[in-house]
Amino acid sequence: MKNVAFYFFVAAVLSATAGMIWGVQMSISRDHSLSMAHAHLNLVGWTTLGLFGLYYTVTPTAEGTMLSKMHLAFALVGVLCLVPGIAIVLTGGAPILVAVGSILTVISMLIFLVTVARNGIGRKPV
């Protein structure tokens, strides 16, 4: 079943895979100048998105709501702006993309806070 949890997990695994490939590339080239962007890809992309997916898997009452879909959208766009934005800043570029990504990522976490407050954790007793 392809639900919000599924898409969070797919995004998390893609982030982890990209992070691993990027880490290998940095190691081989011995150029770690973008390691901060790499670290954020692993932390926000792999870990945070994976935890969101786990939450929606174990808390089905939160899954499939408009709020969960908004959460997914803000989280994904946040990562897609944040990580390249950090790389751009580290190479001397303007900080606008990292600022947008940071704001979207914080909004995503606030949506998650509301979701957890509304639904708790786990299945409701029958």
Side-chain angles (χ1 to χ4, degrees):
M1 179 164 64
K2 294 183 179 172
N3 53 21
V4 168
F6 171 82
Y7 291 111
F8 269 119
F9 277 123
V10 167
V13 171
L14 287 172
S15 295
T17 304
M20 288 177 182
I21 292 168
W22 196 0
V24 168
Q25 179 273 327
M26 285 191 295
S27 180
I28 291 169
S29 69
R30 295 184 179 170
D31 178 3
H32 295 85
S33 60
L34 298 179
S35 62
M36 189 65 69
H38 168 262
H40 279 77
L41 177 59
N42 288 320
L43 180 61
V44 180
W46 164 236
T47 306
T48 305
L49 296 179
L51 287 171
F52 292 157
L54 180 61
Y55 173 80
Y56 287 110
T57 299
V58 301
T59 311
T61 55
E63 168 60 54
T65 64
M66 180 57 71
L67 197 59
S68 71
K69 293 172 186 171
M70 287 175 48
H71 182 209
L72 176 65
F74 276 97
L76 293 180
V77 177
V79 171
L80 291 173
C81 291
L82 180 67
V83 174
I86 293 170
I88 289 167
V89 168
L90 290 172
T91 57
I96 186 68
L97 193 59
V98 73
V100 170
S102 297
I103 291 166
L104 293 173
T105 300
V106 170
I107 291 170
S108 163
M109 191 58 74
L110 292 173
I111 292 170
F112 187 57
L113 174 64
V114 170
T115 300
V116 172
R118 283 185 179 176
N119 297 284
I121 299 172
R123 297 181 184 276
K124 299 283 184 220
V126 183

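Quick caveat, the model's predicted, so the values are computed rather than measured.
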Exercise for the section: Take N42 and H38 through the test side chain to side chain contact (heavy atoms under 4.5 Å, CB included) and record every step on the way to the result. Expected result: CA-CA 6 Å; N42 288 320; H38 168 262; 3.2 Å; yes

Practice task
Please test W22 against L41 for side chain to side chain contact (heavy atoms under 4.5 Å, CB included), starting from the C-alpha separation and ending with a verdict.
Solution key: CA-CA 10 Å; W22 196 0; L41 177 59; 3.9 Å; yes

Practice task
Give the C-alpha distance, both sets of side-chain angles, the deciding distance and a yes or no for side chain to side chain contact (heavy atoms under 4.5 Å, CB included) between F74 and L110.
Solution key: CA-CA 10 Å; F74 276 97; L110 292 173; over 6 Å; no

Handout entry: side chain to side chain contact (heavy atoms under 4.5 Å, CB included) assessment of T48 paired with M109
Key = CA-CA 9 Å; T48 305; M109 191 58 74; 4.0 Å; yes

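Across all non-hydrogen atoms, the minimal contact from L54 to F9 is N-CZ, 3.3 Å. Between L90 and A37, the closest heavy-atom pair is CD1-N, 4.1 Å. The shortest non-hydrogen separation linking T115 to A62 is CG2-CB, 3.7 Å.
Both I107 and M66 belong to a common hydrophobic cluster when Ile, Leu, Val, Met, Phe, Trp and Tyr are linked at side-chain heavy-atom distances under 4.5 angstrom. Linking ILVMFWY side-chain heavy atoms closer than 4.5 Å, directly or via other members, places L72 and V79 in a single hydrophobic cluster. Note on L14: it clusters hydrophobically with V4, by side-chain heavy-atom contacts below 4.5 Å among ILVMFWY residues. When hydrophobic clusters are built by joining Ile, Leu, Val, Met, Phe, Trp and Tyr residues whose side-chain heavy atoms come closer than 4.5 Å, directly or via intermediates, I86 is grouped together with L34. Under a hydrophobic clustering in which Ile, Leu, Val, Met, Phe, Trp and Tyr are joined whenever their side-chain heavy atoms come within less than 4.5 Å, directly or via other members, L43 and F52 fall into different clusters.
Remark: F112 CZ is packed, more than 12 non-hydrogen atoms of other residues, nucleotides or ligands lying under 6.0 Å away.
Aromatic ring centres of F8 and Y55 lie farther apart than the 6.0 Å criterion allows.
In this structure a side-chain-to-backbone donor-acceptor pair under 3.5 Å is missing from S27 to G23. Under the 3.5 Å distance criterion, the side-chain polar atoms of T57 are matched with a main-chain donor or acceptor of G53. Proximity of a side-chain donor or acceptor of T59 to a complementary backbone N or O of G122 within less than 3.5 Å is detected. A donor-acceptor pair under 3.5 Å is formed between the side chain of S29 and the backbone N or O of M26. E63 places no side-chain N or O within 3.5 Å of a backbone atom of S68 that could act as its donor or acceptor partner.
Here Q25 contributes atom CD and H32 contributes atom NE2; the two are 9.0 Å apart, rounded to the nearest 0.5 Å. The line from SG of C81 to CD1 of I88 is 9.5 Å long, rounded to the nearest 0.5 Å. Atoms CD1 and CG, from I103 and L82 in turn, are 11.0 Å apart once rounded to the nearest 0.5 Å. Taken to the nearest 0.5 Å, the OG atom of S15 stands 11.0 Å off from the CE atom of M20.
Residues Y7 and K69 fail the side-chain proximity criterion, which asks for heavy atoms closer than 4.5 Å. Put simply, the side chain of L67 reaches to within 4.5 Å of the side chain of R118, judged on heavy atoms.
Between L49 and the choices V13, L76, V44, the side chain to side chain contact (heavy atoms under 4.5 Å, CB included) rule is met once, by L76.
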